[in-house]
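All values below come from the heavy atoms of this structure, side chains included, with hydrogens, waters and symmetry mates left out.
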Amino acid sequence: MSDPEKSDLDSLQSQILGQIAAATDEAALEAVRIATLGKKGSISALLATLGKMSPEARKTQGAAINLAKDAVTQALGARREVLKAAALDARLASETIDVTLPLREPPAEAGRIHPLSQVWDEVTTIFADMGFAVAEGPDIETDDYNFTRLNFPEGHPAREMHDTFYFNPKGDTGSEPGAGGSRLLLRTHTSPVQVRTMLSQKPPIRVICPGRTYRSDSDQTHTPMFHQVEGLVIDKSSHLGHLKWILHEFCKAFFEVDNVNMRFRPSFFPFTEPSLEVDIQCRRDKHEIRFGEGEDWLEILGCGMVHPNVLKLCGLDPEVYQGFAWGMGIDRIAMLKYGIADLRQLFEGDVRWLTHYGFRPLEVPTLAGGLSS
Ligand code: DAH
């Protein structure tokens, strides 16, 4: 073998080894293998020339070409191992799981506002926009504020209708109700907050009183604890026309419809004269109720002009002051608006139920942004 041929083979070999080292993935490496050891590859072509050589030349050149072939084969194998390992490392890196990341959604995503809290906020938002302040009173009331000053005389049958939870009189273990005006009870309605407001504020008064109320009653439409929102307006000239306008505006805003037909029926409450009950028009389809239109009527509240006796018992002169009041069931309007069939579901604390009926914590009801959207 002459020197120039040997150096040709050397430079071919080092060129191929350079290509192998430069291959950055297995596909590029395979291309180098085909171009060198494949059927039409450069080294295969050299091996094919051996047959035409003299036995002498074949001996020396054959050994040299086979050495080059071995070197290339070995380099291909070594490079393939390196590239395989690098590909595995890259895959492992891309599939890494950070086990320190939280598994659950953050509370602001997963938590839900109870439909009653939502409705409570909706109601106060609407009345606040009309200029009403929120007044509060205790859940444990006196007989005096819950009944007597609201013109329920002692022994009056209207007291019986309230299924009152009484506390035992102080120092007495008996259970007879009616031991004077200081006997404690769980308030049966939010109306005693009217009394507290009139006793502590000078007219003009314009308040709503949302709160918990209690009666010993339990079935699909009654729970021992429920919610009401009371309204009270006292000044020198308010009349039933104002009351009707306020309730009409409230219903349109609350049920998020352009018009609501309302029906005012005569009724009786000891603390109002005249007394009225209010129904709103609705249509019940199989699975939903539409408000403001249709053939059915649904009762949603009681109201009336504050009775002169109540004004007197709360320290106001009925010759000077007059006003109106209403009381509405929050649970009831929540069930109507959000299609809740059984009142008891509101108080069961079932997380699955809450996930379905609840509201996202950051979607606070506003009149501008929408109450329930
Ligand atoms: N307190 C009444 C009840 O629970 C509801 C009610 C009716 C409140 C008429 C009022 C009103 O303020 O004027 O049955």
Side-chain angles (χ1 to χ4, degrees), residues 104-141 186-194 196-197 206-215 217-218 220-232 246-247 249-257 280 288-289 291 298 300-301 326-373:
R104 293 164 189 239
E105 287 177 304
E109 288 302 320
R112 288 290 178 275
I113 301 293
H114 195 284
L116 274 183
S117 304
Q118 169 80 12
V119 165
W120 184 305
D121 285 350
E122 291 179 18
V123 168
T124 48
T125 301
I126 296 169
F127 283 117
D129 188 60
M130 292 190 210
F132 283 80
V134 173
E136 291 184 307
D139 290 14
I140 299 175
E141 262 299 358
L186 289 177
R187 68 179 177 194
T188 58
H189 50 179
T190 43
S191 303
V193 188
Q194 286 189 33
R196 290 178 174 273
T197 307
R206 219 185 283 153
V207 292
I208 57 160
C209 330
R212 292 197 181 106
T213 48
Y214 306 83
R215 292 185 199 182
D217 207 352
S218 186
Q220 195 179 352
T221 53
H222 297 88
T223 47
M225 190 278 297
F226 56 105
H227 300 82
Q228 290 189 336
V229 57
E230 195 81 10
L232 177 68
I246 288 172
L247 294 177
E249 289 303 306
F250 168 78
C251 286
K252 282 194 294 180
F254 179 75
F255 291 109
E256 300 178 70
V257 288
I280 59 168
E288 58 165 22
I289 309 185
F291 299 99
L298 266 174
I300 58 161
L301 61 93
W326 71 86
M328 185 160 57
I330 295 184
D331 317 85
R332 183 163 170 79
I333 61 171
M335 289 169 71
L336 287 175
K337 182 168 179 180
Y338 293 115
I340 298 163
D342 189 328
L343 178 70
R344 290 169 293 197
Q345 292 175 337
L346 291 172
F347 308 113
E348 275 169 357
D350 184 328
V351 176
R352 295 162 301 179
W353 184 88
L354 192 57
T355 305
H356 179 77
Y357 284 99
F359 292 81
R360 297 188 157 271
L362 297 179
E363 286 165 8
V364 178
T366 62
L367 287 178
L371 287 178
S372 60
S373 55

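- To the nearest 0.5 Å, the span separating CG on Leu346 from CZ on Arg332 amounts to 12.5 Å.
- The distance between the ring centers of Phe359 and Tyr338 falls below 6.0 angstrom.
- The line from CG of Leu354 to CZ of Arg112 is 8.0 Å long, rounded to the nearest 0.5 Å.
- Considering only heavy atoms from C-beta on, Ile126 stays 4.5 Å or farther from Phe132 through its side chain.
- Asp331 has its side chain within reach of Phe347: a pair of non-hydrogen atoms, C-beta onward, lies under 4.5 Å apart.
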Problem - Stepwise side-chain contact (heavy atoms from CB on, under 4.5 Å) check, Val193 with Glu230 - result: CA-CA 8 Å; Val193 188; Glu230 195 81 10; 5.7 Å; no
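- By the 4.5 Å heavy-atom criterion applied to side chains, Trp120 and Val229 are not counted as neighbours.
- Remark: the backbone N or O of Gly211 is not paired with any side-chain donor or acceptor of Arg187 at under 3.5 angstrom.
- Residues satisfying the side chain to side chain contact (heavy atoms under 4.5 Å, CB included) test with Leu186, not counting sequence neighbours, are Ile140, Phe165, Phe167, Tyr214.
- Listed for the Gln118 side chain is a donor-acceptor partner under 3.5 Å among the backbone atoms of Leu371.
- Remark: Phe226 engages no residue in a ring pair (Phe, Tyr, Trp, His ring centres under 6.0 Å) (not counting sequence neighbours).
- In this structure, the separation between CG on Leu247 and CD1 on Ile280 is 11.0 Å, given to the nearest 0.5 Å.
- Applying the salt bridge (Lys or Arg N to Asp or Glu O under 4.0 Å) definition to pairs two or more places apart or across chains, those involving residues 115-136 are Glu122-Lys337.
- Open room surrounds CZ on Arg206; 12 or fewer heavy atoms of other groups in view lie less than 6.0 Å from it.
- No side-chain heavy atom of Pro210 sits under 4.5 Å from any side-chain heavy atom of Val123.
- By the 6.0 Å contact criterion, CZ on Arg212 is open, its count of non-hydrogen atoms from other residues, nucleotides or ligands being 12 or less.
- Side-chain atoms of Val119 and Phe254, non-hydrogen and from C-beta on, do get closer than 4.5 Å to each other.
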Problem - Residues Arg196, Glu141; criterion side-chain contact (heavy atoms from CB on, under 4.5 Å); working and verdict - result: CA-CA 11 Å; Arg196 290 178 174 273; Glu141 262 299 358; 2.6 Å; yes
Problem - side-chain contact (heavy atoms from CB on, under 4.5 Å) evaluation trace for Ile246 with Phe127 - result: CA-CA 9 Å; Ile246 288 172; Phe127 283 117; 3.8 Å; yes
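- Between the side chain of His222 and the backbone N or O of Leu343, no donor-acceptor pair lies under 3.5 Å.
- Taking CD1 of Ile208 as the reference point, atom OG1 of Thr190 lies at 10.0 Å (rounded to 0.5 Å).
- Within the model, atoms CG of Asp342 and CD of Glu348 stand 7.0 Å from one another, a figure rounded to the nearest 0.5 Å.
- Inter-residue side-chain proximity for Leu336 and Ile300 is flagged as met; some heavy-atom pair is nearer than 4.5 Å.
- Smallest separation of non-hydrogen atoms from Ile113 and Pro361: CG1-CA, 3.7 Å.
- In this structure, Trp353 and His114 have tilted ring planes: the angle between them lies in the 30° to 60° band.
- Considering OG1 of Thr223 and CZ of Arg344, their distance stands at 9.5 Å, rounded to 0.5 Å.
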